[in-house]
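Single-structure report; data block below.
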Amino acid sequence: MKEHQATDGAAEERPREAGRSEGAPSQSRAPLWEALLAYRERKPARFHVPGHKGGTGLDPEAKHLLGGVCEVDVTELSGLDDLHHAEGVIAEAERLAAACFGAERTRFLVGGSTAGNLALLLAVCKPGDVLLVQRDAHKSVFNGLMLAGARAVLLAPRIDPAAGLPCGLALDDVERALAQYPNAAGLFVTDPNYYGFGTDLAPIVAAAHRRGVPVLVDAAHGAHYGFHPGVPASPLAAGADAVVQSAHKMLPAMTMGALLHLQGGLLDRAAVDRALSVIQSSSPSYPIMASLDLARRQMAARGDALLGEALETARLLRDGLAAMPWLETAEPAGPAEGRADGPVAGTGVGGVAGEGPVRIGGSITRDPLKVTFRDRTGTLGGRELAAELEARGCFPEMADPVFVTLALGLSTPRDDIGRLLAALETICSDFRLSEKELGEPIKNIYKSPPSRVGQGGAAVPEPVSFRFHRSDAGALRRVPPEKAVGAVCGAPVVPYPPGVPLLLPGETITAEAVRQLRDWQAAGLGIHGLDQDDTIIIQTNGEQP
């Protein structure tokens, strides 16, 4: 049986929209933050770690920047609770977060969404288990599979024909995989992706639940979902069993601050807690946890209003970009390749207050706070355009060989939008881009082969085994990529950003994969797994095809 009763006494209930919980405790408090302030106000003599002693021991150059944070950078003192056995203010803060985001239980994460992904995989998978996994998952998911010793059926995402970018799983692909692997330990979905694209998860979750398969969602970039009608719904509202969110990405929380939400009866929550105790530091950062407490309070009190303002800021940015003919903004414009998911809708700016979440082709969703664009003249690739922006004081979230992606938060200043648009005008003038011929709208920037674009009717792939190999075990060696064709990959090869693996341990290395690797390398991306001597790791333990 896959079903497990909740171990913390939470009753099963239907998923709620974020911030809409009935009978929830007062969201006006920030109990962990308040306890830290109370400790600070006592002006304590600090005979405990950390060694900076409330900031007094900091390098003098850093005191004016880090001193205030260090005053509340403490350890598990009386009245401050313990993340690994929360019964006091941390437990109360987590209960408030669960009520705010619409979960039955929420755990604070101090190692980013990576910690939540690893813990979920360890809790759900036994060695040898099969897990259905969205192919364009973050590398932490594959590291978790390696730690768990699980096997993954890698489901290719759809590729939007207009933007050429991945945009989530197709329902029929999921249903075929569930039919072929009805005893799968779970379905692991990434939604939204780095570019802010995703899919309507409700029918996918329903399909998995009909077979008793839990759905785990890496929603690292979607902590703001569900708090305003102009952004997509939270995966919790779609019925997902576990949702990991990086509060530090899109909410006002400190880096590495994240949340793990749980609901329903398909997951063993005690196993999740045990896995978290293994993955998370025994010395968790109190400033990070306090920032989660405070970000939750902000969203509970003003999430709708803050997002309304942010969406208007995003509209101003998109309007400014649209006035520059040499720029092309990536806007999914229809169903994925080879599909007919319904009429095209919402292809304009969208996402402003009152319009509702952007849905294209009946299932594709887009985060309006992520803005992705490129130089349509082809003069500047994504990396070059990002470098020109940085030289003018504007730092994008990421760039790939073609596109630049901006991440707007809840408090992006309007002045910064003006600064960015002015920088782009200067770039246009410096490179005389307005005088150059515009290229055709780009398609499929990754030049993904058919086996990777999630076309309808594609065969469900065979499971790939994941396990950790010691470098001295004689099972691995390094070779140039061209000499690795036909061999079995021994370690992830990951263009970063956005951190989506090109090759995974256990996959057969193809000539097409090597071509993609060289294309990304030539475009200037950092490639994790490609050594300085231009080699990658293959398996040599008899597992060659």
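Being a predicted model, the structure only gives us computed values, none of them experimental.
With rounding to the nearest 0.5 Å, the separation of CD1 in Ile279 from CZ in Arg274 is 13.5 Å. Taking CZ of Phe188 as the reference point, atom CG of Asp218 lies at 5.5 Å (rounded to 0.5 Å). Here CG of Leu154 is found 10.0 Å from CG of Leu132. Values are rounded to the nearest 0.5 Å.
A donor-acceptor pair under 3.5 Å is formed between the side chain of Asn193 and the backbone N or O of Gly196. One N or O on the side chain of Arg107 and one on the backbone of Leu83 form a donor-acceptor pair closer than 3.5 Å. The backbone N or O of Pro214 sits nowhere less than 3.5 Å from a side-chain atom of Asp241 that would complete a donor-acceptor pair. Glu34 contributes a side-chain N or O that, together with a main-chain N or O of Ala30, makes up a donor-acceptor pair within less than 3.5 Å. When atom types are taken as modelled, the side chain of Gln134 and the backbone of Thr190 share a donor-acceptor pair closer than 3.5 angstrom. Checked by atom type and distance alone, the side chain of Gln280 never pairs as donor or acceptor with a backbone atom of Ala115 at under 3.5 Å. Counting only distance, with no hydrogens or angles, the side chain of Gln263 and the backbone of Leu236 share a donor-acceptor pair below 3.5 Å. Remark: side-chain polar atoms of Ser113 are paired, donor with acceptor, to backbone N or O of Ser246 under 3.5 angstrom. Side-chain atoms of Ser291 never come within 3.5 Å of backbone atoms of Ala253 as a donor-acceptor pair (strictly under, hydrogens ignored). At least one donor-acceptor pair closer than 3.5 Å links the side chain of Asp81 to the backbone N or O of Glu87.
The closest side-chain heavy-atom distance from Pro192 to Tyr225 is below 4.5 Å. Within the 4.5 Å cutoff, the side chain of His261 has no heavy atoms near those of the Glu104 side chain. Contact annotation: the side chain of Val72 never approaches that of Tyr39 to less than 4.5 Å [non-hydrogen atoms, C-beta and beyond]. Using a 4.5 Å heavy-atom cutoff, the side chains of Thr75 and His48 are in contact. Contact of the Gln27 side chain with the Arg296 side chain is registered, since non-hydrogen atoms from C-beta on lie closer than 4.5 Å. Between Leu260 and Val272 the shortest side-chain heavy-atom distance falls below 4.5 Å. No side-chain heavy atom of Ser28 sits under 4.5 Å from any side-chain heavy atom of Arg297. The side-chain heavy atoms of Phe197 and Thr365, taken from C-beta on, include no pair separated by under 4.5 Å.
Side-chain contact annotation: Ser281 with Ser283, donor-acceptor N/O pair under 3.5 Å absent. Using modelled atom types and a 3.5 Å distance limit, the side chains of His84 and Asp273 yield no donor-acceptor pair. For the 3.5 Å distance criterion, the side chains of His52 and Asp73 qualify, holding a donor opposite an acceptor.
A salt bridge is defined here as a Lys NZ or Arg NE, NH1 or NH2 lying under 4.0 Å from an Asp or Glu carboxylate O, and Asp416 with Arg419 fails to meet this definition. The pair Glu397-Lys249 does not count as a salt bridge, with every side-chain nitrogen at least 4.0 angstrom from each carboxylate oxygen. Look at Arg135 and Glu507 and you find a salt bridge, because one of the NZ, NE, NH1 or NH2 atoms lies within 4.0 Å of a carboxylate O, short of that distance. Salt bridge status for Glu312 with Arg414: absent, with no side-chain N to carboxylate O gap under 4.0 Å.
When all heavy atoms of Ser140 and Leu121 are compared, the pair lying nearest together is O-CD1, 4.5 Å.
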Worked check of side chain to side chain contact (heavy atoms under 4.5 Å, CB included) between Leu109 and Leu259: CA-CA 5 Å; Leu109 304 174; Leu259 302 162; 5.8 Å; no
Verdict with reasoning, Glu92 to Arg29, per salt bridge (charged side-chain N to carboxylate O under 4.0 Å, His left out): CA-CA 10 Å; Glu92 184 181 356; Arg29 294 196 57 214; 2.7 Å; yes
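In the displayed structure, Asp533 atom CG is contacted under 6.0 Å by more than 12 heavy atoms of other residues, nucleotides or ligands.
The side chain to side chain donor-acceptor pair (under 3.5 Å) with Tyr195 is formed by just one residue from the set Thr405, Asp400, Asp367, Thr372; it is Asp400.
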